[in-house]
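Chain letters run A, B, ... following the sequence lines, proteins first and then strands; every chain starts at 1.
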Amino acid sequence: MIEIRHVSKSYNKGKVKAVDDLDLTVRPGEIFGFLGPNGAGKTTTIKMIVGLLKPDAGAIVLNGLDTRTDALACKAMTTYVPDYPAVYERLTGLEYLNFIGDVYGVPKAARLERIEKWLEIFELTSAVGSPIQSYSHGMKQKIVLTAALLPAPRVMVLDEPMVGLDPRSAHHLKEIMREHCDQGGTLFFSTHVMEVAEKLCDRIGIISKGKLIACGTMDELKALDRGAGPTLENIFLELTDK
Amino acid sequence: MSRLGSLLRANLKSNFGVSVLVHRFFREKKDRWYLPLVALGVLGLLPALYGYLRFIRFVFELLQPLGQERTLLTFAILLGQFLVLIFGLYYVVSAFYFSRDLEMLIPLPFKPFEVMLSKFAVILVNEYLTMIAFVVPVFVYYGILSKAGPAYWISASIVYLLLPVIPLALVSLLVVGMMRAVNFSRKKDLMILVGSLVLVCAGMGLQFFINRTAAAKVDYQAMTGFFTSPNSLLTKIGAGFPPAVWATKALAGAFGGEGLAGLGIYLGVSLLLFAGMLLAAQTLFYRGLIGIGEISGRRKALSRSEMSRRIEGGRHPVKAVLGREWRIMNRTPIFLLNGVLTVIVIPLVFLLMARVGTGNATSFLRAIAAGTGLTGILGAAAFMIVSGCLNGTASSTFSREGSQFWMSKVLPIAPRDQVIAKFIHSYGIAVLGFAAGTAVLVLGLGLKAGPLIVAWILALVAGVALTAVGMIIDLARPFLDWTNPQKAIKQNLNVLFAFFADFGVLAIVGALAYVLAKAGVGGRGLLAFLFATLALASFVSVRYLLAFAERRYREIEI
């Protein structure tokens, strides 16, 4: 479970309010899609959840643990995929996965089983022995996703995870996301692809200028009925057109 | 502004981070403390500048009665151009072929020579900055001492601006040609490493010849010989590399007949080479670039048994981070050169100087070898510390992570564990330097085991403090937004600040020991004092580093 309690974050000594009193909860077993225009505060929110940024106010609680006071325990249950796969390019894919396995304490047997499984799904088996610097953007994204899945985390936070993926890998990722939540995990992800959010998410939040302007299931969002139209795209355009 | 003008402007601004600095200092009003610190660093260099000016005056007054004072200008010009060559190869290879913005620039509607020119401009500015401390003092002080007129100052400005053009154009032609002829780009790491080692060897070779040319003592005769003897290195290089002579004539002759002729030839050749370089860029540059992003070697799927063998299990996070640090450092040529290779090369340079030449370094080493008791021990310890600790490993340990620092922030490894792993890595390289220094002291100078053991103890203790201090400095303000690994060390002020801090720590400890020695404390007492002081400094700095890490890891936002 992810609880974001009245979180605010500003830049430039308070002049730019990136996230303004954000308050929302993502329940276990739920895929939560986070939408918003560029610069709305999506990545800032995500970075605060995973500990890359410090909130100015408010608290973030993961499965009952406060990220400020139990930072390490929160990190141990969470994995994160950034919007750009900046990984250790000088390591081979396998060295990188071993490193992740070590820091999350994944035992060897589980590590072997999971690495083989994800590498096969993402078609990375033949590349895993090569340095990551030789990978394409999509391959880097897939090795980061494999690393994020390796510890079998309870909470996954993904920032635009579909970017750079080929259609087959994107399809697999959606299945994996569903499977993760069906097993009781929590998943928070941002995207600009409305169709993906509409079909995949249990609930959707829309942020604009740092404020959460809508949050709920697809049906709940449709029920807002401002005459926007039946699709998420229509709703999004209507809500953010201010 | 023209298209090319915009490209040049954007590249210069992006490379020197002008826009970022303006934004940070004047919009966000952050990091303003940085400016006085930089000013302080510059002030710290004033004594060295004073020493250099005295040297210039000494040589000028030595050569003037012989009518040879202009050789001083040849010396400065050659020194400047040698520096351009040394740094130029690094800059050219990394800027022309391995900048990350090339992927963005190539698809834009620019001609190949325009893209290369924009990179060349950045290198040129870097070279002006590199030469400023060595060449400008000679040009300016020479002008003052010779009471030169306005013509000299105009010539000096032109010559200074042209100074890097010939060597840089030559290096660029060589690199662009080589990249086209052999697709080195697939072996770029090897190329940077081999190229750098060749340059280090060239530097050592030059040092070797300078030492041989200069006589046993730095006296008037030797100095005069170095600058004026027909067989001296300076004269030989000057004769073999005429641009230095043309530039000297342009400067010394001001706007007279000889001066104008020299300036004309110098300007002409510079422009000719520059044009040749642009021509080569237009035809060869992009062809050499093709393949930059390609995968080196064939990929082979790992068999199940091999995968099982290579998948590890159960390493402690400290060990995992240490393995990561070690691999990334040694697989990134620029990092490798500044870490493991530096701690081996520094003692070798000293050994070479001790074997063949004169100078302060040599007399220092010989004093250690000849020294008995306390002098030998302290000298050996100092030498080992210089060999092992004066590199950028500790003071760039966080900066080297660059944009990948996000992983250190989100992974479930306590900052304390990460810092311990980084400390072990940096300290390990320092100890490697102590070992290399010891090899030189034993094999080259025949130092005995007794003083060596005590020196080792002192170096090991001092190494802890200096490594921790370097790491603290880097952690206080890590330089994470670099686009080229070279910047993480070479353009990282933390490395410079750490040098000053290291010298500061050693100077304070040394001064205290000196006071005690003057007060009549004996050798053993002094050694005990040094050991205790360094051990205390080590304890305090490591404790502080660990506590600081817990706080800073939370504070650093990326």
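Within a 6.0 Å radius of CZ in Arg416(B), no more than 12 heavy atoms belonging to other residues, nucleotides or ligands are found. In the displayed structure, Glu120(A) atom CD is contacted under 6.0 Å by at most 12 heavy atoms of other residues, nucleotides or ligands. Heavy-atom neighbours of Glu113(A) CD from other residues, nucleotides or ligands within 6.0 Å: at or below the threshold of 12. Around NZ of Lys319(B), the count of heavy atoms belonging to other residues, nucleotides or ligands within 6.0 Å does not exceed 12.
Using a distance-only test at 3.5 Å, with no hydrogens or angles considered, no donor-acceptor pair links the side chain of Arg315(B) to the main chain of Asp102(A). Judged purely by atom type and a 3.5 angstrom limit, Trp406(B) uses its side chain to pair as donor or acceptor with the backbone of Ala86(A). Side-chain N or O atoms of Arg90(A) include none that pairs as donor or acceptor with a backbone N or O of Thr332(B) at under 3.5 Å.
With sequence neighbours excluded, no residue forms a side chain to side chain contact (heavy atoms under 4.5 Å, CB included) with Ala109(A).
One distance of note links CE of Met307(B) with CG of Leu94(A); it measures 6.0 Å at 0.5 Å rounding. Ile311(B) contributes atom CD1, which lies 4.0 Å from atom CD1 of Ile115(A) (distance to the nearest 0.5 angstrom).
Taking chain B as the reference chain and counting heavy-atom pairs below 4.5 Å, the highest number among Arg68(A), Met77(A), Glu116(A), Glu89(A) is found for Glu116(A). Ranked by heavy-atom pairs shorter than 4.5 Å toward chain B, the options Gly105(A), Pro107(A), Pro82(A), Gly101(A) are led by Pro82(A).
When heavy atoms are compared at a cutoff of 4.5 Å, Val318(B) does not approach chain A at all. Heavy atoms closer than 4.5 Å to chain B are found in the side chain of Leu119(A), but not in its backbone. Only the side chain of Ile100(A) has a heavy atom closer than 4.5 Å to any heavy atom of chain B.
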(message) Show, in sequence, the C-alpha distance, side-chain angles and deciding distance for Lys75(A) and Leu411(B), and conclude whether the side-chain contact (heavy atoms from CB on, under 4.5 Å) test is met.
(response) CA-CA 6 Å; Lys75(A) 287 174 184 177; Leu411(B) 292 176; over 6 Å; no
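Smallest separation of non-hydrogen atoms from Leu72(A) and Pro412(B): CD1-C, 3.8 Å. The nearest pair of heavy atoms linking Arg111(A) to Gly314(B) is NH2-N, 3.6 Å.
Of residues 42-59 of chain A, those residues with a non-hydrogen atom less than 4.5 Å from any non-hydrogen atom of chain B are, in numerical order, Lys47(A), Val50(A), Gly51(A), Leu52(A), Leu53(A), Lys54(A). Heavy-atom neighbours of chain B within the stretch residues 149-167 of chain A, taken at a separation under 4.5 angstrom, are nonexistent.
Counting heavy atoms from C-beta on, the side chains of Lys9(A) and Glu557(B) come closer than 4.5 Å. Proximity of Tyr96(A) to Met407(B): side-chain heavy atoms (C-beta onward) are separated by under 4.5 Å at one or more points.
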Donor-acceptor pairs under 3.5 angstrom involving side-chain atoms of residues 322-329 of chain B: please list them, not counting sequence neighbours.
residue	atom	partner	partner atom	Å
Arg324(B)	NH1	Tyr88(A)	OH	2.7
Glu325(B)	OE2	Lys422(B)	NZ	3.1

